[in-house]
Student: 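My questions will all concern the structure given below.
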Amino acid sequence: MVDIKKELNDKQYLAAAKLKGPLLIIAGAGSGKTRMITYRIAHMLDNGIHQSNILALTFTNKAAREMEERVKSLTSKKLTNLTVSTFHAFGVQILKESITNIGYSENFSIYDQTDKMSAIKESARELNISPDVLDIYEVANLFSSIKTKRDIWNDNNISFQPLYNEYQEYLVNHNAVDFDDLIVLPVKLFVENPDILKGYQLKYQYIMVDEFQDTSLTQYNLISQLAMKNRNICVVGDDDQSIYSWRGANYQNIIKFETDFPELNEIKLEQNYRSTENILAAANSLISNNTNRKEKELWTGIGQGKSIEIFYPENESNEADFISEMIKSFHQSEKLKYHDFGVLIRTNNLSAIIENSFLAENIPYKVSGGQSFFQRKEIKDIIAYLRILNNPDDDINFLRILNMPRRGLGKATLLKIREIALEKECSLHAAATELRWNGDSPLSDKIQSSLQEFIDMIQDYREMLEDEDINKTKMIRDLIETINYWGYLVIEHQKNEKLAKWKYKNIGIFIELFEKWEKNPDNKDKDLGTYLNRITLLTRDDDEDGDNGQVNLMTIHASKGLEFEYVFLAGVENNIIPHARSIEENPDNIEEERRLFYVAITRAKQKLFMTSCKTRKIRFEIVDTGPSPFLEEIPKELISFHTPVANVKDEEALDYFEQMKSKFN
DNA sequence: GGGTTGCTTATTTTT
DNA sequence: TAAGCAACCC
Ligand SMILES: Nc1ncnc2c1ncn2[C@@H]1O[C@H](COP(=O)(O)OP(=O)(O)OP(=O)(O)O)[C@@H](O)[C@H]1O
């Protein structure tokens with residue numbers, strides 16, 4: 001039994017012990033919301049609630065994994081039927097079980113952002129719309145908003161409606177879903193099939209949602225449908241930490257929740273267990289500049305702590321070196337482990353230079369967030385093959401592999417295949433198969449036999465995939481050999497053999513990861529499609545485990561819910577935070593940028609450092625930058641400002657204080 | 001008709 | 001800096 005009374009404060013205990021009925025917890029950063037949920041689950045299990053009746057939804061895969069691990073270790077149970085997952089992963093699970101009820105088949109493909117844009121381009125082609133008149137990125141965003149009901153057709157966008165319909169049809173025809181569908185389709189499934197909904201309501205009798213402020217309207221619809229019957233739903237969040245509005249997150253859901261579940265209990269958590277007074281005061285002062293907040297108290301018993309420090313490096317490489325130096329010296333002097341440090345950045349492109357500096361200084365680090373390992377081109381190439389084996393109707397991936405590696409099947413061949421596909425209303429793969437059998441083929445002998453070889457190869461591997469006795473890891477290895485991907489890489493990167501080798505090494509890592517999954521005894525569903533769908537949802541670092549002595553480098557978005565003893569916030573400059581693009585899009589976004597800053601500050605337990613460069617290289621130019629205006633919103637007495645540090649590398653001989661002195665003289 | 005060279009352009013955050 | 005695309009060349 002877990003003694004939750006001992007491990008939680010009174011308020012937390014109240015929330016964790018109340019297992020029935022709707023529960024709303026809105027509380028500030030570090031007030032132990034996630035901890036409460038974790039113990040609440042353990043408490044449920046101790047009280048005889050069956051693990052399979054519990055559903056806990058978190059925001060990131062990493063958060064899900066951590067919560068699950070924590071519950072397992074608290075209860076010392078194996079818990080293979082406990083569902084702790086992200087909304088999207090949960091959606092995939094439902095679709096996997098029930099998608100045939102809404103006109104798709106089980107081997108559906110998930111299209112990520114890139115695939116989605118390709119699919120839009122393809123749809124445009126079918127409607128004879130030239131893709132260059134479209135801003136595909138914009139269009140993709142519009143379609144996402146339409147699909148999730150964040151936007152409706154109006155005079156400005158109605159011209160895209162035919163394309164939208166075509167795109168939708170394209171997805172259905174090719175048995176593919178996009179990220180939005182992962183939430184929208186389950187909702188549709190439930191609306192159209194009350195019996196199926198009933199089944200899920202019976203299964204998931206106890207629901208918990210962490211980071212509720214960052215759920216979207218459709219996500220809310222999904223869980224409210226599930227919870228409607230049993231009404232055992234506990235949501236936890238902080239409106240001040242809502243930082244995903246650009247993806248449809250809407251903290252108005254809190255108000256919706258209050259109306260939909262009027263009998264709810266609201267519990268406030270007001271003690272912060274994470275940060276020092278100084279850090280908390282800075283965060284509170286900053287965020288008070290936002291309007292429309294839910295008022296919250298937040299205090300800490302941890303003590304005043306040390307002051308926040310701001311440094312002004314000359315440029316971004318000095319900034320990176322400075323951070324490295326600081327981390328190194330604290331690592332030695334303060335008995336801190338490397339994993340006690342978090343280095344937070346607003347945009348991914350700031351990471352490269354900091355990584356380089358860590359490498360040069362031999363500081364172990366890991367990067368999370370940003371492009372996933374599985375989004376890398378070389379990995380996506382291999383995945384495309386596997387997708388086709390799993391779902392041959394998947395045209396987007398068929399297009400990707402048709403002439404990769406080059407096998408002479410280029411524009412002209414594709415045109416022929418397209419003609420047949422159009423005529424027979426079938427997928428490209430089916431059309432190509434047709435063409436292959438065609439006696440009086442319009443293709444040259446050489447092309448014809450190349451096509452034949454290609455189609456036969458797919459067929460062979462599809463048979464191997466079906467065969468339960470065949471080890472799939474070996475099959476993938478074989479496949480990569482057969483297509484001679486290494487040869488392809490060598491040709492593609494003739495002038496850069498190192499790059500080719502590196503990419504091939506990544507392929508090796510991919511195979512190892514797959515093997516680990518295939519061999520995992522806890523893994524009940526060894527379907528390749530399941531694996532592929534799972535990995536499309538992962539972000540960088542999601543698949544690694546533990547924080548074994550590595551500095552954590554990540555975007556602020558990715559740091560949500562985490563904490564570090566020492567936090568370095570880099571690039572605290574105007575136009576970075578708040579980001580120029582964000583403000584450009586809509587000046588009101590300043591509030592979300594401020595929340596972002598708030599999230600960043602509140603990750604720190606003991607100490608917060610910020611750096612603001614005087615100049616920064618943006619693309620090719622060096623531009624003068626100014627400090628972030630948010631710094632003005634933090635009381636001066638909480639901060640030690642350090643006069644701009646000179647170039648550390650050039651003036652290593654100069655003691656730091658000497659530099660300061662010389663500045664004053 | 002396919003491959004290759006040379007030019008352009010990067011979108012802020014991510015499931 | 002590198003990938004992605006279009007015009008060109010073989
Ligand atoms: N009652 C408690 N006693 C001791 N430590 C606690 C207690 N509650 C929370 N903590 C600790 O405080 C820290 C913050 O908790 P937690 O991450 O659960 O907060 P949170 O409200 O989810 O934060 P955020 O809003 O940033 O996601 C953790 O290290 C946690 O272990």
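All values below were derived from every heavy atom in this structure, side-chain atoms included, with hydrogens, water molecules and symmetry-related copies excluded. Throughout, protein chains are lettered first and strands after them, A, B, ... in sequence-line order, and every chain is numbered starting at 1. Just so you know, these numbers come straight off a predicted model, no measurement behind them.
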Student: What nucleotide among C:dA3, B:dT11, B:dT14 has an atom nearest to a side-chain atom of A:L499?
Tutor: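 Nearest to the side-chain atoms of A:L499, counting from C-beta on, is C:dA3.
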Student: Would A:R346 and A:E573 pass as an ion pair if we require N to O under 4.0 Å?
Tutor: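 Between A:E573 and A:R346 there is no salt bridge, as every charged N stays at least 4.0 Å from the carboxylate O atoms.
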Student: Decide if the gap between the ring center of A:W246 and the ring center of A:Y244 is smaller than 6.0 angstrom.
Tutor: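 For A:W246 and A:Y244, the ring centres are under 6.0 Å apart.
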Student: Distance to the ring centre below 6.0 angstrom and angle to the axis at most 45 degrees; does that hold for A:K560 and A:F59?
Tutor: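 Ring-cation test returns yes.
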Student: Can you work out whether A:M117 or A:D180 has the more 5'-proximal nearest nucleotide on DNA chain B?
Tutor: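 Of the two residues, A:M117 wins.
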Student: Under a 3.5 Å threshold, yes or no: a donor from one side chain and an acceptor from the other, between A:T218 and A:S216?
Tutor: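 Short answer, yes.
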Student: Looking at A:T60, I'd like to know whether one of its side-chain N or O atoms comes within less than 4.0 Å of OP1 or OP2 on B:dT14.
Tutor: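 The answer is no; no side-chain N or O of A:T60 sits under 4.0 Å from OP1 or OP2.
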Student: Can you identify which nucleotide, out of B:dG2, B:dT11, B:dT14, has its nearest atom closest to the A:H557 side chain?
Tutor: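 Within the option list, the nearest is B:dT14.
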Student: Give A:N348 one of three labels, base, sugar-phosphate or nothing, depending on what nucleic acid heavy atoms sit under 4.0 Å from its own.
Tutor: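 A:N348: backbone/sugar contact only, no base atoms under 4.0 Å.
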Student: Step through it carefully: locate the ring centre of A:Y485, locate the ring centre of A:Y385, and say whether they are under 6.0 Å apart.
Tutor: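 Between A:Y385 and A:Y485, which both carry aromatic rings, the centre distance is not below 6.0 Å.
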Student: Which nucleotide in the list B:dT14, B:dG2, B:dT11 gets nearest to the side chain of A:T555?
Tutor: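 Nearest to the side chain of A:T555 among the choices is B:dT14.
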Student: Give the rounded distance in Å between these two atoms: CD of A:E592 and C1' of B:dT14.
Tutor: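 Going from A:E592 (CD) to B:dT14 (C1'), I get 13 Å.
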Student: Roughly how many Å is it from CD in A:Q113 to P in B:dT11, rounded to a whole number?
Tutor: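 Interatomic distance, CD of A:Q113 to P of B:dT11: 11 Å.
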Student: Starting at NZ of A:K380 and ending at P of C:dG4, how long is that distance when rounded to a whole Å?
Tutor: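 My rounded result for the distance is 11 Å.
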Student: Tell me which of A:E138 and A:T536 sits closer to the 5' end of DNA chain B, going by the nucleotide each one is nearest to.
Tutor: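 Its nearest nucleotide being more 5', the pick is A:E138.
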Student: Would you mind reading off the distance between A:L142 atom CG and B:dT11 atom P, rounded to a whole angstrom?
Tutor: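 A:L142 atom CG is separated from B:dT11 atom P by 20 Å.
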Student: Scan residues 244-254 of chain A against DNA chain B and write down, sorted by residue number, each residue with any heavy atom closer than 4.0 Å; if none is found, say none.
Tutor: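 The stretch gives A:Y244, A:W246, A:R247 as the residues lying under 4.0 Å from the strand, ordered by number.
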Student: Can you tell me which nucleotide in B:dG2, C:dC5, B:dT11 comes closest to the side chain of A:Y137?
Tutor: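 When the side chain of A:Y137 is considered, B:dT11 is the closest of B:dG2, C:dC5, B:dT11.
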Student: Answer with base, sugar-phosphate or nothing: what part of the nucleic acid does A:S372 contact at a heavy-atom distance below 4.0 Å?
Tutor: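 Since no nucleic acid heavy atom lies under 4.0 Å of A:S372, the category is nothing.
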Student: Send over the distance from A:N575 CG to B:dT11 P, rounded to a whole Å.
Tutor: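 Value for this atom pair: 18 Å.
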Student: Could you state the NZ-C1' distance from A:K377 to C:dC5, rounded to the nearest angstrom?
Tutor: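 That distance rounds to 14 Å.
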Student: Test A:D181 against A:K147 for salt bridge (charged side-chain N to carboxylate O under 4.0 Å, His left out), laying out the working first.
Tutor: CA-CA 8 Å; A:D181 285 326; A:K147 191 178 277 193; 2.8 Å; yes
Student: Between A:T530 and A:K96, is a side-chain hydrogen bond (donor to acceptor under 3.5 Å, both in side chains) present by the stated rule, with each step listed?
Tutor: CA-CA 8 Å; A:T530 305; A:K96 175 91 192 162; 3.2 Å; yes
Student: For A:L415 and B:dG1, what is the distance between atoms CG and C1' respectively, to the nearest whole Å?
Tutor: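 Checked: the CG to C1' distance equals 11 Å.
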Student: Side chains of A:N107 and A:R387: donor-acceptor distance under 3.5 Å anywhere?
Tutor: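 No donor-acceptor contact under 3.5 Å links the two side chains.
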Student: As a test of reading the structure: which of B:dG2, C:dC5, C:dA3 is closest to the side chain of A:K121, going by heavy atoms?
Tutor: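 So the nucleotide nearest the side chain must be C:dC5.
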Student: Could you measure between the two P atoms, the one in B:dT11 and the one in C:dG4, and give it in whole Å?
Tutor: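 Per the computed distance, 10 Å lies between those P atoms.
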Student: Can you measure A:M404 atom CE to C:dG4 atom P for me and round it to whole angstrom units?
Tutor: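 To the nearest whole Å, that distance equals 12 Å.
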Student: With sugar-phosphate meaning primed atoms plus P, OP1 and OP2, does A:N403 contact a base, only sugar-phosphate, or nothing at under 4.0 Å between heavy atoms?
Tutor: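 The answer is sugar-phosphate, as A:N403 gets under 4.0 Å only of primed atoms, P, OP1 or OP2.
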